[in-house]
Amino acid sequence: MNDYGILINAAEKYGAAVLMNEPMKSHTSFCIGGPCDIMIKINCEALLCELIKLCRENSVKYYVIGRGSNILVSDEGLRGAVLLIGKDFGSVRVKGDIIECEAGASLAAVCNVALENSLTGLEFAYGIPGSVGGAVFMNAGAYGGEMKDVLVSCRYIDENGRIKELPLEKMELSYRHSFFSERELCITSVKMKLQKGERDKIKDRMDTLMERRRDKQPLEYPSAGSTFKRPEGDFAARLIEVCGLKGTSCGGAEVSTKHSGFVINKGNATFKDVMGVVDTVKQKVKEQTGVTLECEVLIME
């Protein structure tokens with residue numbers, strides 16, 4: 001294991017929590033993943049900036065994660081430093097119809113702040129389990145809405161450790177893709193513009209969408225949401241279903257019988273179990289339909 005003293009000293013300077021050999025399964029919605037060497041809970045932009053610089057200057061491998069709702073981590077864990085952007089870096093502020101939030105704020109928390117301030121436009125995101133930073137990174141969306149519909153700008157740390165701001169028109173937002181998708185950049189805060197609305201109507205819409213999620217999605221089991229990206233002109237769940245793959249399992253992992261677009265952890269599933277199901281689904285769908293499914297979940301090993 002590397003000597004992580006320089007990172008620990010930086011974290012202590014900012015009063016941030018440091019965890020050694022922390023199991024990643026405690027920080028992912030799949031509840032899967034071995035220990036990382038060191039985890040630092042980010043509590044301000046300056047600390048994140050300093051840690052990224054230190055990691056690069058000292059050739060320390062690092063991973064930036066949010067709420068872990070779209071990742072699958074190896075049972076062997078992660079060698080290097082995990083920089084956790086969570087509730088310690090999740091403030092939310094409202095100025096008129098503008099919401100500014102740090103990247104670690106959960107989408108649920110931001111949706112509730114919008115509701116409290118009678119602001120409409122973000123209802124689609126209620127129930128998406130990720131953080132704001134992660135939602136921008138992948139242009140998260142549901143029920144006819146996407147992050148690109150409400151974003152104004154975001155701040156990020158570039159490859160040289162400098163803080164920059166990017167306006168919406170330069171974010172390159174498309175289906176599950178953004179300017180950040182293929183670059184080693186780190187989103188630190190987000191600015192969104194909503195519209196004034198009626199609190200009761202906003203609440204009804206949020207409740208309706210959450211009820212729809214509960215009815216159609218296997219929320220009672222750990223997962224990373226939709227496992228595969230939507231293929232052009234079709235839906236992954238439909239292809240998986242017509243190929244007779246609902247219920248396909250490997251160890252503790254299974255294609256949900258409730259929603260075939262989800263691979264779920266039915267109990268003590270391992271990384272290999274999930275990958276076994278994923279590989280089987282991809283192979284069978286390719287053989288039977290000619291379509292190559294692409295994982296939406298980020299694989300970390």
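The chain is numbered in sequence order, starting from 1.
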Distance-only, no hydrogens or angles: does the [X] side chain make a donor-acceptor pair with backbone N or O of [Y] under 3.5 Å?
| X | Y | answer |
| --- | --- | --- |
| Ser153 | Leu166 | no |
| Ser106 | Ser131 | no |
| Glu123 | Gly121 | yes |
| Asp149 | Glu146 | yes |
| Ser256 | Pro218 | no |
| Arg67 | Gly86 | no |
| Asn160 | Arg162 | no |
| Asn265 | Pro222 | no |
| Thr208 | Asp204 | yes |
| Asp273 | Gly252 | yes |

How far apart are the closest heavy atoms of [X] and [Y], and which atoms are they?
| X | Y | value |
| --- | --- | --- |
| Leu239 | Val242 | O-CG2, 3.2 Å |
| Arg213 | Ala142 | NH2-CB, 3.6 Å |
| Glu254 | Val277 | N-CG2, 4.3 Å |
| Ala237 | Ser260 | O-OG, 2.8 Å |

Co-members of Phe262 in a cluster of I, L, V, M, F, W and Y side chains, linked at under 4.5 Å: Tyr221, Ile264
Above 12 or not: heavy atoms from other molecules or residues under 6.0 Å from [atom1] of [X]?
| X | atom1 | value |
| --- | --- | --- |
| Glu220 | CD | yes |
| Glu159 | CD | yes |
| Asp75 | CG | yes |
| Lys203 | NZ | no |

[X] and [Y]: side chain donor to acceptor below 3.5 Å:
| X | Y | result |
| --- | --- | --- |
| Ser91 | Arg93 | yes |
| Ser178 | Glu172 | no |
| Lys246 | Thr257 | no |

Any Lys/Arg nitrogen of Arg230 or Asp234 sitting under 4.0 Å from an Asp/Glu carboxylate oxygen of the other? no
Should Arg214 and Glu211 be marked as a salt bridge (charged side-chain N to carboxylate O under 4.0 Å, His left out) after you check the CA-CA gap, both sets of side-chain angles, and the distance that decides it? CA-CA 5 Å; Arg214 289 196 189 99; Glu211 193 60 37; 3.6 Å; yes
Considering only residues two or more places apart or on different chains, which pairs with a residue in residues 291-301 satisfy salt bridge (charged side-chain N to carboxylate O under 4.0 Å, His left out)?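 Non-adjacent pairs meeting salt bridge (charged side-chain N to carboxylate O under 4.0 Å, His left out): Arg176-Glu296, Lys229-Glu294.
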What residue pairs, at least two apart or across chains, pass ring pair (Phe, Tyr, Trp, His ring centres under 6.0 Å) with a residue in residues 118-166?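 Passing the test, one end in residues 118-166: Tyr156-Phe180.
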Start with the C-alpha distance between Val281 and Leu293, add both sets of side-chain angles, then the distance that settles side chain to side chain contact (heavy atoms under 4.5 Å, CB included), and finish with yes or no. CA-CA 8 Å; Val281 168; Leu293 290 179; 4.0 Å; yes
Could you give the side-chain donor-acceptor pairs of residues 190-200 under 3.5 Å, partners two or more places apart or in another chain?
unit_1: Lys193; atom_1: NZ; unit_2: Asp97; atom_2: OD2; d: 2.7
unit_1: Lys196; atom_1: NZ; unit_2: Asn117; atom_2: O; d: 3.0

Could you work out, with side chain to side chain contact (heavy atoms under 4.5 Å, CB included) as the rule, every residue matching Ser26, not counting sequence neighbours?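 Only Glu22, Pro23 meet the side chain to side chain contact (heavy atoms under 4.5 Å, CB included) criterion with Ser26.
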With Ala46, which residues qualify under side chain to side chain contact (heavy atoms under 4.5 Å, CB included), at least two apart? Tyr14, Cys44
Taking the side chain as C-beta and beyond, is there a heavy-atom pair between Val73 and Leu78 under 4.5 Å?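 Counting from C-beta outward, Val73 and Leu78 do come under 4.5 Å.
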Report the C-alpha distance between Asp88 and Lys41 in whole Å, list the side-chain angles of each, state the deciding distance to 0.1 Å, and finish with yes or no for salt bridge (charged side-chain N to carboxylate O under 4.0 Å, His left out). CA-CA 7 Å; Asp88 293 353; Lys41 294 185 176 183; 5.5 Å; no
Would you please test Asn139 and Tyr175 for side-chain hydrogen bond (donor to acceptor under 3.5 Å, both in side chains) and show each step? CA-CA 7 Å; Asn139 187 30; Tyr175 176 69; over 6 Å; no
